[in-house]
A.B. asks: 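Have a look at this one.
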Amino acid sequence: TALGVFMVLLVLINLFLMIFNLLPIYPLDGSKVLDVLLIGTRFEPIQQWMAMNGGRILIIAVIISLMTPLDPFAFIQFPAFFVCNELLGDSCIGLLGIYFGG
């Protein structure tokens, strides 16, 4: 049904966003994890460089994914679909393919 497909898409989008937000690139939340792992004065130059250039790295990755056949964010889909399949107990792609005819 349409409600079921909507729920699957809602779960998938939220999983994609959760995994994307955990990337250790500033200003995403994963950068806070990186800060905890890189404690000490010897890591300050790395933290400062990432804080200054993290947004640029993120924009370049988005442009690459939009303008080329390369997808730097492809690794996000595998854990998201795995969790979705486990929650659904079936294939999320299969359910969406049946509904959308793909």
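All values below were derived from every heavy atom in this structure, side-chain atoms included, with hydrogens, water molecules and symmetry-related copies excluded. Computed from a predicted structure; not experimentally measured.
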A.B. asks: Looking at Phe75, I'd like to know if its CZ atom is crowded, meaning that more than 12 non-hydrogen atoms belonging to other residues, nucleotides or ligands lie closer than 6.0 Å.
C.D. replies: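 More than 12 heavy atoms, drawn from other residues, nucleotides or ligands, come within 6.0 Å of this atom.
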A.B. asks: Under 4.5 Å between side-chain heavy atoms, counting indirect links through other Ile/Leu/Val/Met/Phe/Trp/Tyr residues: same cluster for Ile39 and Ile46 or not?
C.D. replies: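 Cluster IDs for Ile39 and Ile46 differ.
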A.B. asks: Check Ala80 against Leu15 and note the closest heavy-atom contact, atom names and distance.
C.D. replies: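 Distance-wise, the nearest heavy atoms are O-CD1, 3.3 Å.
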A.B. asks: Please round to the nearest 0.5 Å and tell me the distance separating atom CG of Asn53 and atom CD1 of Ile60.
C.D. replies: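 One finds 9.0 Å between CG of Asn53 and CD1 of Ile60.
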A.B. asks: Quick one: do Ile57 and Ile19 end up in the same hydrophobic cluster if we chain Ile, Leu, Val, Met, Phe, Trp and Tyr together by side-chain heavy atoms under 4.5 Å apart?
C.D. replies: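 Yes, Ile57 and Ile19 fall within the same hydrophobic cluster.
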A.B. asks: Is there side-chain contact between Tyr26 and Trp49, with at least one heavy-atom pair below 4.5 Å?
C.D. replies: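 Tyr26 does not reach Trp49 side chain to side chain.
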A.B. asks: Any sub-3.5 Å donor-acceptor pair from Ser31's side-chain atoms to Pro27's backbone N or O?
C.D. replies: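 Absent.
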A.B. asks: Is there a path from Ile13 to Leu22 through hydrophobic residues (I, L, V, M, F, W, Y) whose side chains come within less than 4.5 Å of each other?
C.D. replies: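 Result: no, two separate clusters.
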A.B. asks: About how many Å separate CG of Asn14 and CG of Leu9, when rounded to the nearest 0.5 Å?
C.D. replies: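 The CG atom of Leu9 sits 11.0 Å away from the CG atom of Asn14.
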A.B. asks: State whether the side chain of Asn21 and the backbone N or O of Leu17 hold a donor-acceptor pair below 3.5 Å, judged by distance alone.
C.D. replies: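 No, the answer is negative, given that no donor and acceptor are paired below the 3.5 Å cut-off.
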A.B. asks: Measure the spacing between SG of Cys84 and CE of Met7 and express it to the nearest 0.5 Å.
C.D. replies: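 Going from the SG atom of Cys84 to the CE atom of Met7 covers 11.0 Å.
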A.B. asks: Would you check if the side chain of Thr68 reaches a backbone N or O of Ser65 as a donor-acceptor pair within less than 3.5 Å?
C.D. replies: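 A pair under 3.5 Å: no.
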A.B. asks: Sub-3.5 Å donor-acceptor pair from the side chain of Asn85 to the main-chain atoms of Cys92, do we have one?
C.D. replies: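 Confirmed, Asn85 side chain pairs with Cys92 backbone.
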A.B. asks: Taking the side chain as every heavy atom from C-beta outward, state whether Leu58 and Phe20 have any pair of such atoms under 4.5 Å apart.
C.D. replies: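 When only atoms from C-beta onward are counted, Phe20 and Leu58 do touch, with a gap below 4.5 Å.
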A.B. asks: CG of Leu37 to CD of Gln47: how many Å apart, nearest 0.5 Å?
C.D. replies: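 CD of Gln47 is found 10.0 Å from CG of Leu37.
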A.B. asks: So how far is it from Ile59 CD1 to Ile25 CD1, rounded to the nearest 0.5 Å?
C.D. replies: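 The distance works out to 11.5 Å.
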A.B. asks: If hydrophobic clusters are built from ILVMFWY residues whose side chains come within less than 4.5 Å, do Phe73 and Leu66 share one?
C.D. replies: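 Same cluster: Phe73 reaches Leu66 through Ile, Leu, Val, Met, Phe, Trp or Tyr contacts under 4.5 Å.
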A.B. asks: Please say yes or no: joined through hydrophobic side-chain contacts below 4.5 Å, possibly via intermediate residues, are Leu96 and Leu87 part of one cluster?
C.D. replies: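 Yes, because Leu96 and Leu87 connect within a single hydrophobic cluster, where side-chain heavy atoms sit under 4.5 Å apart.
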A.B. asks: Hey, what do you get for CG (Leu23) to CG (Leu34), rounding to the nearest 0.5 Å?
C.D. replies: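 Answer rounded to 0.5 Å: 11.5 Å.
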